[in-house]
Amino acid sequence: MAGNKTLAIIKPGAVRNKHIGHILSKIEENGYTIAAIKTIQLRLEDAAEFYAVHQGKPFYQELIEFMSSGPIIAMVLLKDNAVEDFRALIGATDPEKAAEGTIRRMFATSKTANAIHGSDSDENAERESSFFFSRQEWLRKTQVGLD
C-alpha cells in the first residue's frame with residue numbers, strides 16, 4: 001500500500017531564481033496538501049548528513065555544496081500515493097530528460113541544480129520528513145483542517 005506523505009525541498013537555485021510561488025502552485029494544483037513548510041539554510045554538515053546515502057558517488061560533494069549554498073524550502077506533502085505521484089510531477093533528475101510540464105523541466109538549470117528534491121520511497125519519506133520536522137509539527141497542521 002502506497003503512503004500518503006512525501007518530503008519535498010525547493011533547492012537553493014530555484015529559491016534564488018524566485019520560483020517558489022510557481023512551484024508551490026504546481027504542487028497544490030496536483031492535489032497535495034502542504035502539512036508543514038519552512039525556510040532554512042543547511043550547513044554543509046547538515047547537507048552531508050541528509051544526503052549521506054550518496055556519499056562516495058561522483059556528484060556527492062557538488063550536491064552538498066549546492067544544497068548548503070542558500071536557503072531551501074522544506075515541506076511535508078500529503079496525498080494518496082504521495083511519493084510516486086510526486087516523482088512523476090517533478091520529473092527526471094536531469095532537466096533535459098524531464099518530461100514537458102514537470103517541475104524540473106520548467107525550473108531546473110542543471111542536473112545538480114534541478115530545482116526540487118522529492119523522496120524516492122515511502123521509507124525515505126518518513127526518514128527525510130523527520131530530518132526537518134517533528135511528527136507533531138506536520139500532524140498538528142493536518143488536524144486543524146488544512147486538507
- Item | side-chain contact (heavy atoms from CB on, under 4.5 Å) evaluation trace for Ile37 with Ile73 | CA-CA 7 Å; Ile37 187 169; Ile73 311 296; 3.6 Å; yes
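- Checking side-chain atoms of Tyr60 against main-chain N and O of Ala48 turns up a donor-acceptor pair under 3.5 Å.
- The distance from the CD1 atom of Ile103 to the NE2 atom of His19 is 11.5 Å, given to the nearest 0.5 Å.
- With rounding to the nearest 0.5 Å, the separation of CG in Asp46 from CD1 in Ile72 is 9.0 Å.
- A donor-acceptor pair under 3.5 Å is absent between the side-chain atoms of Arg104 and the main chain of Pro95, judged by distance alone.
- Applying the 6.0 Å contact sphere to CD of Glu96 captures no more than 12 heavy atoms from other residues, nucleotides or ligands.
- Here CZ of Phe133 is found 11.0 Å from OG of Ser130. Values are rounded to the nearest 0.5 Å.
- Side-chain atoms of Asn114 do not come within 3.5 Å of backbone N or O of Ala108 as any donor-acceptor pair.
- Residues Leu63 and Val53 fall into different hydrophobic clusters, defined by Ile, Leu, Val, Met, Phe, Trp and Tyr side chains chained together at heavy-atom separations under 4.5 Å.
- No side-chain heavy atom of Met75 sits under 4.5 Å from any side-chain heavy atom of Ile9.
- The number of heavy-atom neighbours closer than 6.0 Å to NZ of Lys57, taken from other residues, nucleotides and ligands shown, is above 12.
- Judged purely by atom type and a 3.5 angstrom limit, Thr102 has no side-chain atom pairing as donor or acceptor with the backbone of Ala98.
- Side chains of Ser69 and Arg16 form a contact here, defined as non-hydrogen atoms less than 4.5 Å apart.
- Of the possible polar contacts, none joining the Tyr32 side chain to the Leu24 backbone as a donor-acceptor pair under 3.5 Å is found.
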- Stepwise side-chain contact (heavy atoms from CB on, under 4.5 Å) check, Val15 with Lys11: CA-CA 6 Å; Val15 172; Lys11 294 184 176 185; over 6 Å; no
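- A perpendicular orientation is assigned to the rings of Phe50 and His117, their planes being inclined by more than 60° (bins at 30° and 60°).
- The shortest side-chain heavy-atom distance between Ser68 and Arg43 does not fall under the 4.5 Å cut-off.
- In this structure a side-chain-to-backbone donor-acceptor pair under 3.5 Å is missing from Asn124 to Asp120.
- A distance of 6.5 Å separates OG1 of Thr109 from CG of Asn17, quoted to the nearest 0.5 Å.
- Side chains of Lys79 and Asn4: no donor on one and acceptor on the other come within 3.5 Å.
- Not one N or O on the side chain of Ser119 forms a donor-acceptor pair closer than 3.5 Å with the backbone of Thr6.
- Between the CG atom of Asp80 and the NZ atom of Lys5 there is a distance of 14.5 Å, given to the nearest 0.5 Å.
- Once rounded to the nearest 0.5 Å, the distance linking CZ of Phe66 with CZ of Phe59 reads 14.0 Å.
- Ile34 and Val83 fall into different hydrophobic clusters, where Ile, Leu, Val, Met, Phe, Trp and Tyr side chains are chained together by heavy-atom contacts under 4.5 Å.
- In this structure, the side chains of Phe107 and Ile10 stay at 4.5 Å or more apart for every pair of heavy atoms.
- Put simply, the side chain of Leu77 reaches to within 4.5 Å of the side chain of Ile27, judged on heavy atoms.
- Side-chain atoms of Leu89 and Lys26, non-hydrogen and from C-beta on, do get closer than 4.5 Å to each other.
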